[in-house]
Amino acid sequence: MEPMESTLDPTKASGSPAARTTAAPTTAGQLTPRDVRIATWICFFAWTFAVYDFVLFGNLLPVLATEVGWAPAQSTAVNTWVTAGTALVAFAVGPLVDRIGRRKGILISVVGAAIASLLTAVAGWAVGLVGGIGVVLLILVRSAAGLGYAEQSVNAAYLNELFAHAYADPAKARRRGLIYSLVQSGWPIGSVLAAASIYLLFPVGGWALCFVVAAFPAVFIVIAGRWLKESPQFEAHRHANTNGSPLAEAFRGESLRSTVVIGLSFLLNWVGVLVFAILGTSLLSAPDGKDIPFTNALVILVVSNATAFAGYVFHGWLGDRIGRRNTIAIGWVLCGASFTAMLLAPSGNFGIVVALYSAGLFFLIGPFSALLFFNGESFPVRTRATGGSIINASGQVGAIISSFLVTLALGAGWTWSTAAFWIGCVPIFASGLLILAARNVNPRTVRQD
């Protein structure tokens, strides 16, 4: 592993001209520790409810498909097109946020996801009334819901910059990753809330009511958004009147290496995510998979989300100590090893298989908290949101590729276990090794640019 590269340390360079050009005296002076705590909580709730809506569609798609008479192939096709649309929307958010600011980007993501949630109910009814046109409308609406998925990359850019100002002291800097991991834990919490809302609301008003209710939390996030303050780094960038295209700059200079290496690593990892996290129950229950009667949805929910929460916190903590890049690499290599061991374990043995499955999820999902914060450390302010959005969108591209490969492999007569190894374990191993080609960053230093 290469030596850690140091970024600008404001405790040593506060008097230099470079340091003065990357400061925004008016905003930085007004940004208090209380402001950072408020922003952290708002980002947590914004991400939690974005996940709530994002997961809701996947959970309710089988119900919607049954209601409108879709065959399984039609349902899968709709989901594939929605995934592609989500990737495009998530990709587009970054350049916008690098131009208009992090605070506005968060509010746009929240409001956009809420509107898409409301329109999902309308689009679902349109499918039943006008057929093909309704399907197109549903795909467009759920693609727009990609604004919610993009929330995590906007959060990462925003909080990375706020933490750089609030936790510039090396002792405090060592806790940034752990704090961010708690924000990112909105994923398992949002997933549980989505499942609970279906349990409570579906018997009352069907799938449409679930999406209508999902829009209401955005009202409170927008109201709370009045207390959000823009990051000092972005204010300095805007004050300097810097011109240029964030999208083009993401593929030039310092940003090029981070965009390509981290983006490809994330894409490869998501190829495995689809196999083990999204299609995990199919693999576990298939006779040519692990042949486990893993039909209890509550057990699956508890295992996957408890594992995700613990994994986020652990890898956030570890990244503060050995560096985010190294933490991601170790986690994903151990993930590949855990899932390989699970595939080799005797089929039908519930205890061993679920234990190894849980270990695999711990090392698969947990490093995402380190990776998203690592994104912010790897880009300058002018391309931070753009680079993060490209990487974030690449995950959805990986999901599409994986879905195609799994369908092709199973159609060609491969067993679930064989397909899971070559399409799941191998890309995860590769992602853990490839991330080592990214520039390392010392977790004790912060960058103000």
Side-chain angles (χ1 to χ4, degrees), residues 43-44 47-48 50-51 54-55 149 151-153 155-156 159 174-195 262 265-266 268-281 283-284 299-342 353-376 391-392 395 398-399 420 424-425 427-429 431-433 435 443:
C43 287
F44 166 75
W47 175 231
T48 297
V51 171
F54 187 72
V55 172
Y149 174 75
E151 178 73 36
Q152 64 178 341
S153 63
N155 279 354
L159 292 179
R174 287 179 60 116
R175 297 196 296 270
R176 292 176 298 154
L178 176 61
I179 295 171
Y180 180 75
S181 73
L182 296 174
V183 174
Q184 190 61 21
S185 70
W187 178 278
I189 295 172
S191 297
V192 171
L193 286 176
I262 305 176
S265 298
F266 199 50
L268 283 171
N269 191 262
W270 257 87
V271 173
V273 165
L274 184 121
V275 173
F276 290 109
I278 298 175
L279 299 178
T281 54
L283 166 65
L284 292 172
V299 173
I300 300 172
L301 182 68
V302 170
V303 168
S304 61
N305 288 290
T307 299
F309 183 86
Y312 281 143
V313 174
F314 173 78
H315 288 88
W317 170 85
L318 185 63
D320 284 334
R321 280 148 182 82
I322 67 172
R324 255 109 3 216
R325 186 200 68 175
N326 297 341
T327 295
I328 299 162
I330 291 170
W332 283 347
V333 168
L334 290 177
C335 167
S338 299
F339 282 137
T340 299
M342 183 195 75
V353 170
V354 172
L356 290 171
Y357 176 66
S358 300
L361 287 178
F362 181 89
F363 291 115
L364 174 67
I365 299 173
F368 286 175
S369 65
L371 182 134
L372 288 161
F373 200 78
F374 183 54
N375 289 349
I391 293 167
N392 198 34
C425 295
I428 291 172
F429 271 123
S431 68
L433 296 177
I435 197 70

Validation row: Leu283, Met342 side chains within 4.5 angstrom (heavy atoms): yes

I need the Ile365 CD1 to Phe309 CZ distance, nearest 0.5 Å. 13.5 Å

Please examine the side chains of Ser185 and Phe44, heavy atoms only from C-beta on, and report whether any two atoms are closer than 4.5 Å. yes

For a 4.5 angstrom cut-off between non-hydrogen side-chain atoms, does Phe54 reach Trp187? yes

On a heavy-atom basis, which atom in Asn269 and which in Ser431 lie closest, and how many Å separate them? ND2-OG, 3.3 Å

Closest contact, heavy atoms only, Leu274 versus Ala399: CD1-O, 3.6 Å

Nearest heavy-atom neighbours spanning Tyr312 and Ser369: O-OG, 3.0 Å

When you compare the side chain of Tyr149 with that of Val51, does any pair of heavy atoms fall below 4.5 Å? no

For the ring pair His315 and Phe368, is the centre-to-centre distance below 6.0 Å? no

When every non-hydrogen atom of Ala277 is compared with those of Leu364, the smallest separation belongs to CB-CD2, 4.4 Å

The reported gap from CZ in Arg324 to CG in Leu372 (rounded to nearest 0.5 angstrom) is 11.5 Å

CD1 of Ile189 to OG1 of Thr48: how many Å apart, nearest 0.5 Å? 5.5 Å

Can you name the nearest heavy-atom pair linking Thr340 to Cys425, along with the distance? OG1-SG, 3.5 Å

Atom CG in Leu334, atom CD1 in Ile428: separation rounded to 0.5 Å? 12.0 Å

Exactly one of Phe276, Phe363, Phe429 should register a side-chain contact (heavy atoms from CB on, under 4.5 Å) with Cys335. Which one does? Phe363

Return yes if some donor-acceptor pair links the side-chain N/O of Asn375 with the main-chain N/O of Ser153 below 3.5 Å, else return no. no

If I take atom CG from residue Leu159 and atom CH2 from residue Trp47, how far apart are they, to the nearest 0.5 angstrom? 13.0 Å

Assign the ring pair Trp270 / Phe266 to parallel, tilted or perpendicular, where the plane angle (0 to 90°) is split at 30° and 60°. perpendicular

At what distance, to the nearest 0.5 angstrom, does CZ of Phe314 lie from OG1 of Thr327? 8.0 Å

Give a yes or no answer on whether the side chain of Arg176 reaches the backbone of Pro443 with a donor-acceptor pair at less than 3.5 Å. yes

Minimum heavy-atom distance Gly316-Ser181, with the two atoms named: CA-CB, 3.9 Å

